[in-house]
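Values below: every heavy atom of this structure, side chains too, minus hydrogens, waters and symmetry copies. All values reported here derive from a predicted model rather than from experimental measurement.
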Amino acid sequence: MLKHYETIMIITPILSDEKAKETAKEYENYFIKKNGKIVYQEHWGLKKLAYPIQKKQSGCYHLFEFLLSSNLVYDLELKLRQDERILRFITVKLNKYGIEYAERRRKKILKNDKKL
């Protein structure tokens, strides 16, 4: 059974924005290969970190909201840990309130994009 998760990863700032997006694309392909489904993803770009991580002051943030079998989440996290391009990541399982909040956030973002 597929469960709803959200992962935010911080990609090293050494990579160009294009390379950071390619890194995110690799993980998108990973979800597809593992029969998961990406509900939503968003590239937040380069942001200043609150504290240094591996002597880096900034990082490229990328958000994935996805459906994946719970036994494959461990494999995903192992892959993220082993990838030297990823400074930090967090994966959370969304309950019904988290899913509801994520939907409201997506709608708000989409509305703001249409105004531009």
Practice problem: Could you go through the salt bridge (Lys or Arg N to Asp or Glu O under 4.0 Å) check for R85 and E26 one step at a time? | Solution: CA-CA 12 Å; R85 299 171 295 182; E26 284 180 33; 2.9 Å; yes
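In terms of the salt bridge (charged side-chain N to carboxylate O under 4.0 Å, His left out) criterion, E103 has no residue partners (sequence neighbours excluded). Every salt bridge (charged side-chain N to carboxylate O under 4.0 Å, His left out) that K21 has, sequence neighbours left out, goes to D17. For E18, the side-chain contact (heavy atoms from CB on, under 4.5 Å) partners at least two apart in sequence or on another chain are S16, E22. Under the rule for a side-chain hydrogen bond (donor to acceptor under 3.5 Å, both in side chains), T12 has no partner lying at least two apart in sequence or in another chain. Every side-chain hydrogen bond (donor to acceptor under 3.5 Å, both in side chains) that S69 has, sequence neighbours left out, goes to N71. Considering only residues two or more places apart in sequence or on other chains, E28 meets the salt bridge (charged side-chain N to carboxylate O under 4.0 Å, His left out) condition with K25. With sequence neighbours excluded, the residues that form a side-chain contact (heavy atoms from CB on, under 4.5 Å) with K37 are L67. The side-chain hydrogen bond (donor to acceptor under 3.5 Å, both in side chains) search around R104 returns E100, not counting sequence neighbours.
In this structure, the side chains of E65 and R106 come closer than 4.5 Å at one or more pairs of heavy atoms. With contacts defined as side-chain heavy-atom distances shorter than 4.5 Å, the pair I86/T23 qualifies. Residues L94 and Y101 form no side-chain contact, since every pair of their non-hydrogen atoms from C-beta on lies 4.5 Å or further apart. A heavy-atom distance below 4.5 Å is found between the side chains of T7 and L80. Looking at M9 and D83, their side chains never come closer than 4.5 Å, going by heavy atoms from C-beta outward.
There is a path of hydrophobic side-chain contacts, each under 4.5 Å, that joins L63 to I99. Residues L76 and I90 do not share a hydrophobic cluster, clusters being chains of Ile/Leu/Val/Met/Phe/Trp/Tyr side chains in contact below 4.5 Å. The hydrophobic cluster containing L15 also contains Y30, counting ILVMFWY residues as joined when their side-chain heavy atoms lie under 4.5 angstrom apart, directly or transitively. L49 and I11 fall into different hydrophobic clusters, where Ile, Leu, Val, Met, Phe, Trp and Tyr side chains are chained together by heavy-atom contacts under 4.5 Å. Under the 4.5 Å side-chain heavy-atom criterion for grouping Ile, Leu, Val, Met, Phe, Trp and Tyr, I10 is not connected to I14 through any hydrophobic cluster.
The salt bridge (charged side-chain N to carboxylate O under 4.0 Å, His left out) analysis of residues 47-62, with sequence neighbours excluded, yields no pairs. Note on residues 46-70: pairs passing ring pair (Phe, Tyr, Trp, His ring centres under 6.0 Å), not counting sequence neighbours, are Y5-F66, F31-F64, F31-F66, H43-H62, H62-F64.
Taking Ile, Leu, Val, Met, Phe, Trp and Tyr as members and joining any whose side-chain heavy atoms lie under 4.5 Å apart, directly or through other members, Y74 forms no hydrophobic cluster with any other residue. Within the hydrophobic cluster formed by Ile, Leu, Val, Met, Phe, Trp and Tyr side chains joined at under 4.5 Å, directly or through other members, L46 stands alone, with no partner residue.
Here E6 pairs with R105 in a salt bridge; the nearest charged N to carboxylate O distance falls below 4.0 Å.
Here CG of L2 is found 8.5 Å from CG of N35. Values are rounded to the nearest 0.5 Å.
Annotation: E84, atom CD; neighbour count of heavy atoms from other residues, nucleotides and ligands within 6.0 Å does not exceed 12.
Contact record, P13 with L87: CD-CD1, 4.0 Å, taken as the closest heavy-atom pair.
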